[in-house]
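The structure appears right after this line, and notes come after that.
Chain letters run A, B, ... following the sequence lines, proteins first, then strands; residues in each count from 1.
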Number of protein chains: 2
Amino acid sequence: MTLKRATWQKTAVKEQLDLFGGFVSAQELHQKILATGKKLGLTTVYRALTELVLGGEADALNAEDGETKYRNCTPKHHHHLICRKCGNTREFELPDFEVETERIARSHGFKDVSHSIELFGICSKCGVAG
Amino acid sequence: MTLKRATWQKTAVKEQLDLFGGFVSAQELHQKILATGKKLGLTTVYRALTELVLGGEADALNAEDGETKYRNCTPKHHHHLICRKCGNTREFELPDFEVETERIARSHGFKDVSHSIELFGICSKCGVAG
DNA sequence: GTCATTGCAAACGCTTTGCATCTGT
DNA sequence: ACAGATGCAAAGCGTTTGCAATGAC
């Protein structure tokens with residue numbers, strides 16, 4: 001039996017993820033924790049994040065740059081609009097679509113559905129220059 | 001100036017991508033081409049795919065397993081419903097949503113928008129067993 | 001004949017794993 | 001004290017790059 005133990009490292013990871021709010025890569029999170037003066041291994045951050053995702057306390061998303069980004073699970077499900085040039089992200093909600101995806105999945109006999117919706121574009125700042 | 005040259009390798013990659021229809025990883029595509037008797041390097045497949053994406057002839061998507069999947073750019077934009085257990089995929093369309101995403105992006109000052117929508121769930125076959 | 005393209009192997013970056021040590025319970 | 005957790009270093013995996021040979025133009 002794999003019984004979980006509370007450690008300050010795991011607490012630090014969850015705390016920083018919470019504090020950050022948006023999507024962060026494991027490595028960025030690691031840097032942020034180190035910056036607070038706490039010293040812990042990158043491996044531990046990965047393990048803590050995996051644990052959080054499995055426990056439903058965090059979401060994972062595969063970004064375009066190949067990194068896996070994590071975020072604290074928020075009660076209100078929202079999506080991201082990401083600038084291809086500067087990487088700046090904005091959040092938006094899709095109340096109707098949440099229902100729609102459920103319907104589509106059901107009609108195909110799928111259940112226990114989750115969805116990943118990301119919009120990529122050029123933001124107003126980068127659009128002027130490029 | 002980087003002027004493009006036509007090679008049978010690039011043709012083979014585009015041809016197989018076309019023929020496949022859905023999302024394929026570079027490695028899968030490489031295997032498929034080898035299976036047709038043509039011999040070419042994996043590197044070449046990656047380079048050909050990158051070229052196709054830049055040229056707007058193919059789309060790229062970062063899958064959950066960390067691989068980058070490519071597909072031929074189809075006039076009719078559709079999305080995927082993927083089974084978490086068996087990996088089986090089904091396609092669906094979201095005519096309304098195509099417009100909706102455009103609207104959302106615009107309202108945030110974004111332009112030149114593309115979107116990635118993937119639904120993950122448990123299909124009927126796997127749902128019975130598991 | 002030139003110069004982009006190919007293809008192998010080595011390099012890369014992110015993530016995972018092996019294993020000895022440490023620590024929460 | 002025991003079993004899970006940590007952290008370093010090394011392995012793993014998909015992808016990219018360096019460079020000599022090749023082939024399209």
Side-chain angles (χ1 to χ4, degrees), chain A residues 1-17 20 23-55 57-71 82 87 116 118, chain B residues 1-17 20 23-55 57-71 82 87 116 118:
Chain A
M1 193 57 52
T2 307
L3 171 64
K4 306 254 176 262
R5 277 177 195 173
T7 59
W8 65 264
Q9 286 97 329
K10 288 182 192 171
T11 309
V13 170
K14 177 146 185 60
E15 189 178 297
Q16 276 298 311
L17 189 64
F20 188 82
F23 278 99
V24 227
S25 71
Q27 320 225 7
E28 285 171 319
L29 209 55
H30 181 220
Q31 292 305 323
K32 283 184 191 302
I33 296 169
L34 290 183
T36 68
K38 300 186 182 78
K39 211 171 116 38
L40 82 175
L42 176 57
T43 310
T44 305
V45 175
Y46 276 110
R47 285 196 272 231
L49 285 171
T50 303
E51 210 172 274
L52 287 171
V53 170
L54 289 177
E57 296 188 70
D59 279 343
L61 148 75
N62 296 99
E64 283 198 323
D65 62 3
E67 282 186 325
T68 303
K69 310 274 190 170
Y70 300 86
R71 76 158 172 210
I82 305 157
S116 154
E118 309 299 322
Chain B
M1 191 56 54
T2 308
L3 170 65
K4 304 251 177 270
R5 277 176 195 176
T7 59
W8 65 263
Q9 286 96 333
K10 286 182 194 172
T11 310
V13 169
K14 176 144 184 59
E15 189 178 295
Q16 276 297 312
L17 190 63
F20 189 82
F23 278 99
V24 226
S25 70
Q27 320 226 9
E28 284 171 319
L29 208 56
H30 182 220
Q31 292 306 322
K32 283 185 190 302
I33 296 169
L34 291 184
T36 69
K38 302 187 181 80
K39 211 171 113 41
L40 82 174
L42 176 58
T43 310
T44 305
V45 176
Y46 275 110
R47 285 196 272 231
L49 285 171
T50 303
E51 210 173 273
L52 287 172
V53 170
L54 289 177
E57 296 188 70
D59 280 343
L61 147 74
N62 297 98
E64 283 198 324
D65 61 3
E67 282 185 326
T68 303
K69 311 272 190 170
Y70 300 86
R71 77 159 170 206
I82 304 157
S116 155
E118 310 299 324

Could you write nucleotides 20-25 of chain D as a row of B, S and -, 5' to 3', where a protein heavy atom under 4.0 Å of any base atom gives B, of only sugar-phosphate atoms gives S, and otherwise -?
-> ---BBS
Going through the distances and angles, do Y70(A) and D59(A) end up as a side chain to side chain contact (heavy atoms under 4.5 Å, CB included)?
-> CA-CA 6 Å; Y70(A) 300 86; D59(A) 279 343; over 6 Å; no
Between [X] and [N], is there a contact of a side-chain N or O with OP1 or OP2 at under 4.0 Å?
| X | N | result |
| --- | --- | --- |
| Q9(A) | dT23(C) | no |
| Y46(A) | dT15(C) | yes |
| T68(B) | dG14(D) | no |

When the distance from [atom1] of [X] to [atom2] of [N] is rounded to whole Å, what number comes out?
| X | N | atom1 | atom2 | result |
| --- | --- | --- | --- | --- |
| L49(B) | dT6(C) | CG | P | 12 Å |
| E51(B) | dA4(C) | CD | P | 13 Å |
| L54(A) | dT16(C) | CG | P | 11 Å |
| E28(B) | dG14(D) | CD | P | 11 Å |

Using the closest heavy atom to pick a nucleotide of DNA chain D for each, name whichever of K10(A) or K69(B) lands nearer the 5' end.
->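 Result: K10(A).
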Could you walk me through whether I33(A) and E15(A) pass side chain to side chain contact (heavy atoms under 4.5 Å, CB included), step by step?
-> CA-CA 9 Å; I33(A) 296 169; E15(A) 189 178 297; over 6 Å; no
Full working for side chain to side chain contact (heavy atoms under 4.5 Å, CB included) between T36(A) and Q16(A) = CA-CA 10 Å; T36(A) 68; Q16(A) 276 298 311; 3.7 Å; yes
Would K38(B) and W8(B) satisfy side chain to side chain contact (heavy atoms under 4.5 Å, CB included), going step by step from the backbone distance to the final call?
-> CA-CA 9 Å; K38(B) 302 187 181 80; W8(B) 65 263; 3.8 Å; yes
So what does Q27(A) touch, heavy atoms closer than 4.0 Å: a base, only the sugar-phosphate, or nothing?
->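 Result for Q27(A) = base.
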pair T44(B)-V13(B): side-chain heavy atoms closer than 4.5 Å |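 Contact flag for T44(B)/V13(B) side chains = no.
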Check whether any side-chain heavy atom of Q9(B) sits under 4.5 Å from a side-chain heavy atom of R47(B), and report yes or no.
->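 Side chain of Q9(B) against side chain of R47(B), heavy atoms only: no contact under 4.5 Å found.
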With respect to Y46(A), which candidate in E51(A), Q27(A), H30(A) satisfies the side chain to side chain donor-acceptor pair (under 3.5 Å) definition?
->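 Single side chain to side chain donor-acceptor pair (under 3.5 Å) partner of Y46(A) among E51(A), Q27(A), H30(A): Q27(A).
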Taking every non-hydrogen atom, the tightest pair across E67(B) and S25(B) =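 The answer is OE1-CB, 3.5 Å.
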Members of residues 30-43 of chain B that approach DNA chain C, where some heavy atom sits under 4.0 Å away |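 Heavy-atom contacts with DNA chain C come from K39(B), L40(B), G41(B), T43(B).
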NZ/K14(B): more than 12 non-hydrogen atoms of other groups inside 6.0 Å =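 Yes - once you tally the heavy atoms of other residues, nucleotides and ligands closer than 6.0 Å, there are more than 12.
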Does the dG7(C) base have a donor-acceptor partner in the side chain of R47(B) within less than 3.5 Å?
->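 Indeed, a donor on one side and an acceptor on the other fall under 3.5 Å apart.
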